[in-house]
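Step one of this worksheet: look at the structure below.
Counting starts at 1 for both ligands and their atoms, in listed order.
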Amino acid sequence: MIVRRRWTAAATTAILISAALSHPGSAAAAPAPAATPITLAATETALVRVQLRDQAQLDRLVATGADLANRPRARDGRILADLVLTGAQLADLTAQGATATQIVQRAGDGSRHFADSVRAAQARTAAGLRAPGTGQRTTAAVGVDTLAVQQAYWWTTGGQTFLQAQVATTATDDPDVEITVSWRTADGAAGSFPLYRFEDSGEYQYHYNLPQPVPSRPVQLTATSSLGGVSRAVTPSLWPNATPPPLPAGYQKDFIDAYLTPVDIQARIKRLARQYRDLVDVIDLPSKTQGYRRNAVAYLGDPAVSAVVVESVRFGDQGMNGVQVRTVDPGRPSRPLTVGYRDRVLTVTLATDAAGKTVSTTDDVAAAINARQANRFRATVEDGSTGLPMPVAGPARLDDGLQGTEVPAKPWTVQALRLGVHRDGSRVGVLAYSQEHAREWATPLVTLEFAERMLANARTDPATRQLLEQVDIFVIPTVNPDGANYSFNDYNFQRKNLVNHCTGPARDPRYRTSWGVDVNRNYTVGSYFDGYVGASANCLSGNYAGTAELSEAESGNVIALAKAHPNIKFAMNVHSYGGYFMWPPGAYRADGRITLPRPSIDESTLFLNSARRIVGAIAQERGTVTWPSQTGPVADVLYSAAGNSADQLYYELGIFAWDFEVGNDRWNPATGEWEGVGFQPPFDEAHGESQEYAGGLVELVRVARDHAAAEAATG
Ligand SMILES: [Zn+2]
């Protein structure tokens with residue numbers, strides 16, 4: 001008896017799929033989970049793993065600009081999405097059939113984990129301590145359909161062995177085909193598990209499942225389909241089956257004691273430049289960011305009744321915080337509406353009728369401020385207040401609302417470290433850059449740990465010294481410092497930068513945590529503006545693409561650095577979380593799912609073989625294995641991110657450009673579930689991520705060196 005109904009994994013591509021393109025009839029209800037219900041207080045914000053009712057529910061979320069933390073994915077045929085939402089939003093979703101399965105992170109966790117990490121670092125200081133490829137392809141035409149085992153991989157981590165398989169059926173148009181994988185171990189244990197259909201943008205890709213625990217090394221795997229197809233038996237391969245050179249005795253690592261704010265990162269860059277003068281240049285990138293600044297704003301009136309939003313044209317710190325705004329009744333009949341500004345008070349005198357009653361509307365007041373004080377103020381009618389009588393209100397104080405007191409309120413100079421013995425463009429260049437997304441606090445820890453490992457060991461380890469002789473390394477630890485400052489001080493789930501391009505009612509300060517541009521959707525190749533999928537024109541969306549390609553200083557800086565140093569041939573864009581390792585193509589057009597061009601066979605081979613080496617190096621630290629299903633070209637791992645940086649680096653500048661999503665799911669043996677780690681995990685986890693992925697970046701440097709040597713050898 002077949003109990004599981006078909007499942008359309010188009011879901012796993014989230015933001016990328018417009019509702020109109022979703023597979024029709026994919027709304028089969030998922031099985032009910034057994035977990036205890038998880039709820040949030042109505043106004044509490046948290047990062048929650050939610051089992052969605054169906055594809056349509058995901059499409060609605062995407063259409064309304066939901067903040068999806070990473071790709072929704074399948075677990076046992078259910079659609080799981082990690083969402084940043086309030087308790088009220090969660091209650092809405094639950095009422096529509098969704099179920100929360102894990103609170104990954106609560107809003108307060110970020111600051112608590114940050115404070116914990118700083119305390120731990122202080123304690124250590126006080127104690128005197130130093131600061132996929134294709135597996136076998138086997139087909140056998142037995143039944144109605146033919147099955148090809150595209151991947152069958154096993155590995156062991158934390159004492160547990162896992163098996164993952166990917167199988168394609170020739171019955172691509174039949175959404176009801178069920179595929180089951182049977183496995184056997186060397187000592188005779190056997191078992192089976194179902195695979196699930198994975199569609200993307202309405203097109204069948206393959207069947208797969210999350211890694212499944214098995215008692216020991218599997219030696220045989222067979223797939224069968226409900227149509228009668230049976231694959232040939234294959235022997236699963238060891239993944240990634242690549243091991244970096246062992247660390248030499250005395251190798252120095254662990255330079256990360258706490259989470260680092262942009263101010264901390266600035267200080268770290270300065271210290272490294274001072275300490276390793278002969279090996280380091282600091283590069284000031286050309287476009288200063290807006291800085292940790294916002295316009296000062298206030299509600300004039302009561303937003304629950306009727307109000308006008310008044311904001312300063314200049315930033316709050318430019319003398320506008322504390323400016324007051326008010327409406328007054330002239331106390332005389334038949335007066336016109338007037339606006340005056342004196343002694344830091346904006347006074348709107350309301351119009352009156354012949355009986356002396358005030359008659360100005362909210363729209364009149366907003367228009368009058370915009371017409372007569374355009375050099376100082378902007379006003380918009382609060383959403384829902386249009387056409388209502390304007391009350392006598394205020395004075396209200398304009399304020400930028402920013403909480404951070406240790407952040408300089410001025411344009412920010414983003415910096416890159418350049419490491420190497422020969423920093424003259426004569427050696428192959430490697431670029432590692434992190435924190436395009438503000439809330440991904442672990443990512444600068446990765447790149448800074450990597451940088452300091454290279455520098456410290458260059459003095460003591462001949463192999464590291466030789467790498468710095470042969471490779472020219474560029475590191476941008478925080479691409480988006482303004483957003484990061486906001487994430488540390490104001491709203492820990494901030495993803496985008498701090499530039500507010502919204503107009504009209506979307507400038508209402510109630511939307512302040514949704515403003516900003518998604519830096520990694522603002523690049524020029526395969527962009528939203530070119531018709532690619534996975535970015536938005538909605539200024540409040542988590543994937544807002546900006547006003548134009550490279551409209552933002554942050555994205556412009558990454559490209560400027562790469563263009564100024566044409567010896568850069570390899571790049572790693574470091575994000576969190578989820579445990580992904582990807583490369584181009586990273587975007588496709590919705591219509592027909594046309595991806596950006598595929599790399600050549602030779603380049604694909606380089607991407608894959610290098611990836612296996614790097615995955616192996618990551619695993620060396622604490623056994624974390626990035627799944628084969630999450631290692632590969634973005635279009636095969638199935639994700640479209642219109643206008644991302646790796647695509648511009650690869651297609652326009654010819655750079656082998658990868659993306660890490662550090663922070664792999666952790667296996668919970670008690671529940672038999674993979675659990676998400678979130679953006680700002682307890683520091684021990686972030687520290688672990690920094691150590692393992694820094695090892696991955698060191699391996700990337702070796703990849704670059706080997707590639708350059710091979711090029712030189714073949715002329
Ligand atoms: Zn990211």
Do W515 and Y486 have their ring centres less than 6.0 Å from each other? no

Centroid-centroid under 6.0 Å between F488 and Y292 rings: no

In terms of heavy-atom contacts, does OH of Y528 have more than 12 from other residues, nucleotides or ligands at under 6.0 Å? no

Metal check, the Zn ion (ligand 1) vs E440 N/O/S, cut-off below 2.8 Å: yes

Would you find more than 12 non-hydrogen atoms of other residues, nucleotides or ligands less than 6.0 Å from E675 atom CD? yes

Among the N/O/S atoms of H437, which is closest to the Zn ion (ligand 1)? Give the atom name. ND1

Answer key: the N, O or S atom of H575 nearest to the Zn ion (ligand 1) is ND1

